[in-house]
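Just so we're clear, the structure is a prediction, and the values are computed from it rather than from any experiment. Residue numbers start from 1 in every chain, and the chains themselves are labelled A, B, ... in the order their sequence lines are given, proteins ahead of strands.
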Amino acid sequence: MKITTWNVNSINVRLSHLAEFLKEEVPSVIGLQELKCSNDKFPLKEIEELGYHCEINGQPTYNGVALLSKTEIEDVVFDIPGYKCEEKRVIAGTIEGVRVINAYVPNGQSPESDKYQYKLNWLAAFTKYIEEVLKNYSQVIVIGDYNIAPTDDDVHHPETWQGKILCTDKEREAFLELLALGLLDGLRIEAQPKGLFTWWDYRQGGFEKNSGIRIDHLLLSRVLSRRFLSSAVHLNYRVMERPSDHAPVSVILK
DNA sequence: ATGGTTGACGATCAA
């Protein structure tokens, strides 16, 4: 079973890349973030024709998430239950007995911005939600764009990023609190070479210099992690013409 | 050098 997360930065601009990914990699499940479109503008027919069920939580212009699956998606839940938030950032469903939560965590803009505190509050509510999910399901995976580089090993130039958004102590503490619920960082289950990133700035030739950071994650419950086989960052989808600024990231399970 | 690139019901905002 292959599970993938991908911030596509506009589903309609990236549809041809997604179609190629689905045909080439054939993930069992893929969580998409930053659809940047309302539900009625989501290319549902095109994706269904590729053999995928779709559950969509769209929003015009900003945010928007979706779950795509080869098999039926059951017990779909939108957003963070009980948390007042107009933005469409979360969608969850059960596929082949695995509870998949797909999230697009707020960016936060800068530590001085009001959006920074909003991000920290959002993460606190999200962590409470995941704590509840873990009480009800044993096979759980929490995937998405976390907008947090967990450690300096996840940053190409730690000294440049020191104290900057995506790398502040409070964001990293919030990430550790999620892990403390009993989740394992899917790309850190096995040792990896240095310089393993998932996002590169469009500006200044960021990808060509591998001037990236690792902010897209797949977190596995302990029970699910017993099925872990391997993980991968699909760098070839960041090289294509007009790519997303994020690469797809996958874990493969037994 | 306070730049630079991309996307959206754009005339700026968010990333």
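- To the nearest angstrom, P of dT6(B) lies 21 Å from CG of L35(A).
- Close to dG7(B), at under 4.0 Å from its OP1 or OP2, lies a side-chain N or O of R242(A).
- For the residue pair C85(A) and Y118(A), the shortest heavy atom distance occurs at SG-OH, 3.3 Å.
- Q33(A) pairs in a side-chain hydrogen bond (donor to acceptor under 3.5 Å, both in side chains) with only one of the listed residues (N63(A), N7(A), N102(A)), which is N102(A).
- Counting any heavy atom pair closer than 4.0 Å across all strands shown, Y104(A) reaches sugar-phosphate atoms only and no base atom.
- Both P106(A) and P243(A) lie near DNA chain B, and the one whose nearest nucleotide falls closer to the 5' end is P243(A).
- Nearest nucleotide to the side chain of K41(A), out of dA14(B), dC9(B), dG7(B): dC9(B).
- By the 6.0 Å and 45° rule, K70(A) stacks over the aromatic ring of Y52(A).
- Straight-line distance from the CD atom of Q33(A) to the P atom of dG7(B): 17 Å, rounded to whole Å.
- Less than 4.0 Å separates DNA chain B from no heavy atom of any residue of residues 159-177 of chain A.
- Near DNA chain B, defined here as any heavy-atom distance below 4.0 Å, the residues from residues 55-67 of chain A are T61(A), Y62(A), listed numerically.
- Within 6.0 Å of atom CD in E86(A), 12 or fewer heavy atoms from other residues, nucleotides or ligands are found, so the atom counts as exposed in its surroundings.
- Distance check on atom C1': dA15(B) versus dG4(B) gives 13 Å, rounded to whole Å.
- Between D152(A) and R172(A) a salt bridge is recorded (basic side-chain N to carboxylate O distance below 4.0 Å).
- Rounded to the nearest Å, the gap between the C1' atom of dA8(B) and that of dG3(B) is 23 Å.
- Using a 4.0 Å cut-off between charged side-chain N and carboxylate O, D153(A) and R188(A) make no salt bridge.
- In this structure, H246(A) atom NE2 and dT6(B) atom C1' are separated by 11 Å, rounded to whole Å.
- If you check the side chains of Y137(A) and D75(A), you find no donor sitting under 3.5 Å from an acceptor.
- Y237(A) and H234(A) have perpendicular rings, their planes meeting at more than 60° on a 0 to 90° scale where under 30° would count as parallel.
- Using a cut-off of 4.0 Å between Lys/Arg side-chain N and Asp/Glu carboxylate O, K135(A) and E132(A) are scored as salt-bridged.
- The cluster map of Ile, Leu, Val, Met, Phe, Trp and Tyr, joined by side-chain heavy atoms under 4.5 Å apart, puts L15(A) and L68(A) in the same cluster.
- Take the nearest nucleotide of DNA chain B for E34(A) and for C37(A): the residue whose nucleotide is more 5' is C37(A).
- In terms of phosphate contacts, S10(A) brings a side-chain nitrogen or oxygen within less than 4.0 Å of OP1 or OP2 of dA8(B).
- Between L134(A) and S221(A) the shortest side-chain heavy-atom distance falls below 4.5 Å.
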All N/O pairs under 3.5 Å across the protein-nucleotides 2-5 of chain B interface:
none

